[in-house]
Amino acid sequence: MEPGIVCVDIDRMLDFYTRVLGLKFVSDAEATADMSTEFGTSPNGFRIIRLQTPYGERIKLVQPKLVLPKQSQVPDWVFEGQGIAYITFVIADVHEVATRLKECQVELMSKGPVAIRKGITAIFAKDPEGNFVEFVEYADLASYRPDLLNGANSFRA
């Protein structure tokens, strides 16, 4: 699965997801107005950047050409918005990530990581455009997602 995030400022978002979170750049492409109109995505074309975690999961950052999307109202609480409300990254050390996010002045939804239940600790943050991002550490990742342990590096933002 590759969730797509429509951006108002794709370069700012690229900086956040690569420099702050450590995702790796995969590709940067542009679509013509003819193709994006036919595809039903934008009347003027768009730019799309693909990024990848060490586990191989990808996200796409997309910015329409000419007419920027309207900035969505950001709810005060993660579960107040309808639809896809957040994306989750499975990480090796939630406390390390929380420290990095604080150092980069990223807005956090709690004072620090929260024990969700035994062996699961998480924290929510907001990206530069107000999208909610969750970071989850599993004490026993092998029982939750054994597929992530097949040769992948630990994901640390």
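FYI, side chains are in, hydrogens and waters are out, and symmetry mates aren't considered; it's all heavy atoms of this structure.
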Should Tyr86 and Val20 be counted in the same cluster of Ile, Leu, Val, Met, Phe, Trp and Tyr side chains packed under 4.5 Å apart? no
ILVMFWY cluster, Ile48 and Ile59 together (side-chain gap under 4.5 Å): no
Taking atom CG of Leu51 and atom CZ of Phe25, what is their separation to the nearest 0.5 Å? 8.0 Å
Following the transitive rule for hydrophobic clusters with a side-chain heavy-atom cut-off under 4.5 Å over Ile, Leu, Val, Met, Phe, Trp and Tyr, establish whether Tyr55 and Tyr144 coincide in one cluster. yes
Exceeds 12 heavy-atom contacts within 6.0 angstrom, atom CD of Glu2: yes
Are Ile123 and Ile91 co-members of a hydrophobic cluster defined by side-chain heavy atoms under 4.5 Å apart? yes
Any chance you could measure Ile116, atom CD1, to Tyr138, atom OH, to the nearest 0.5 Å? 9.0 Å
What pair of heavy atoms forms the shortest contact from Met109 to Ala125, and how long is it? CG-N, 4.3 Å
Please indicate whether Gln105 has more than 12 foreign heavy atoms, meaning atoms of other residues, nucleotides or ligands, lying under 6.0 Å from its CD. no
Could you walk me through whether Arg12 and Cys7 pass the side chain to side chain contact (heavy atoms under 4.5 Å, CB included) test, one step at a time? CA-CA 9 Å; Arg12 183 173 171 213; Cys7 307; over 6 Å; no
Using a cut-off of 6.0 Å, state whether more than 12 heavy atoms not belonging to Leu108 lie near its atom CG. yes
Hydrophobic clusters here meaning ILVMFWY residues chained together by side-chain heavy-atom distances under 4.5 Å, can you tell me if Leu101 and Leu23 are in one? yes
So CD1 of Ile10 and CD of Glu129: to nearest 0.5 Å the spacing works out to 9.0 Å
Tell me, do Glu137 and Asp93 make a side-chain contact under 4.5 Å, heavy atoms counted? yes
Can you establish whether the number of heavy atoms outside Gln73 located under 6.0 Å from its atom CD is more than 12? no
What is the distance from atom CD of Glu107 to atom CZ of Phe132, rounded to the nearest 0.5 Å? 8.0 Å
Note: Lys102 and Lys111 closest approach over all heavy atoms is NZ-O, 3.0 Å
Any ion pair linking Asp11 and Arg47 (charged N to carboxylate O, less than 4.0 Å)? yes
For side chain to side chain donor-acceptor pair (under 3.5 Å), just list the numbers for Asp127 and Tyr17, CA-CA rounded to whole Å, side-chain angles, deciding distance to a tenth of an Å, and then say yes or no. CA-CA 8 Å; Asp127 74 13; Tyr17 282 94; 2.7 Å; yes
Take Gln63 and Leu68 through the test side chain to side chain contact (heavy atoms under 4.5 Å, CB included) and record every step on the way to the result. CA-CA 7 Å; Gln63 183 172 321; Leu68 294 178; 3.1 Å; yes
With heavy-atom distances below 4.5 Å as the criterion, would you say the side chains of Ile87 and Asn131 are in contact? no
Polar side-chain atom of Glu134 near backbone of Thr88 as donor-acceptor pair, under 3.5 Å: no
Which heavy atom of Ser42 sits nearest to which heavy atom of Ser36, and what is that distance? O-OG, 2.6 Å
Is it true that a side-chain atom of Thr37 and a backbone atom of Pro43 form a donor plus acceptor pair closer than 3.5 Å? yes
With side chain to side chain contact (heavy atoms under 4.5 Å, CB included) as the criterion, how do Val74 and Lys126 come out once you've worked through the C-alpha distance, each side chain's angles and the decisive distance to 0.1 Å? CA-CA 10 Å; Val74 179; Lys126 288 183 184 177; 3.6 Å; yes
Distance, nearest 0.5 Å, that separates CD1 of Ile49 from CE of Met13: 10.5 Å
Could you tell me whether a side-chain N or O of Glu30 sits under 3.5 Å from a main-chain N or O of Gly45, the two making a donor and an acceptor? no
Tell me, with the steps shown, if Val136 and Thr121 meet side chain to side chain contact (heavy atoms under 4.5 Å, CB included). CA-CA 6 Å; Val136 181; Thr121 308; over 6 Å; no
Looking at side-chain heavy atoms only, is the closest gap between Pro3 and Ile84 below 4.5 Å? no
Judged by atom type as modelled, is there a donor-acceptor pair below 3.5 Å linking the side chain of Ser143 to the main-chain atoms of Asp140? yes
Ring-plane angle category for Phe89 and Phe135, please: parallel below 30°, perpendicular beyond 60°, tilted otherwise. parallel
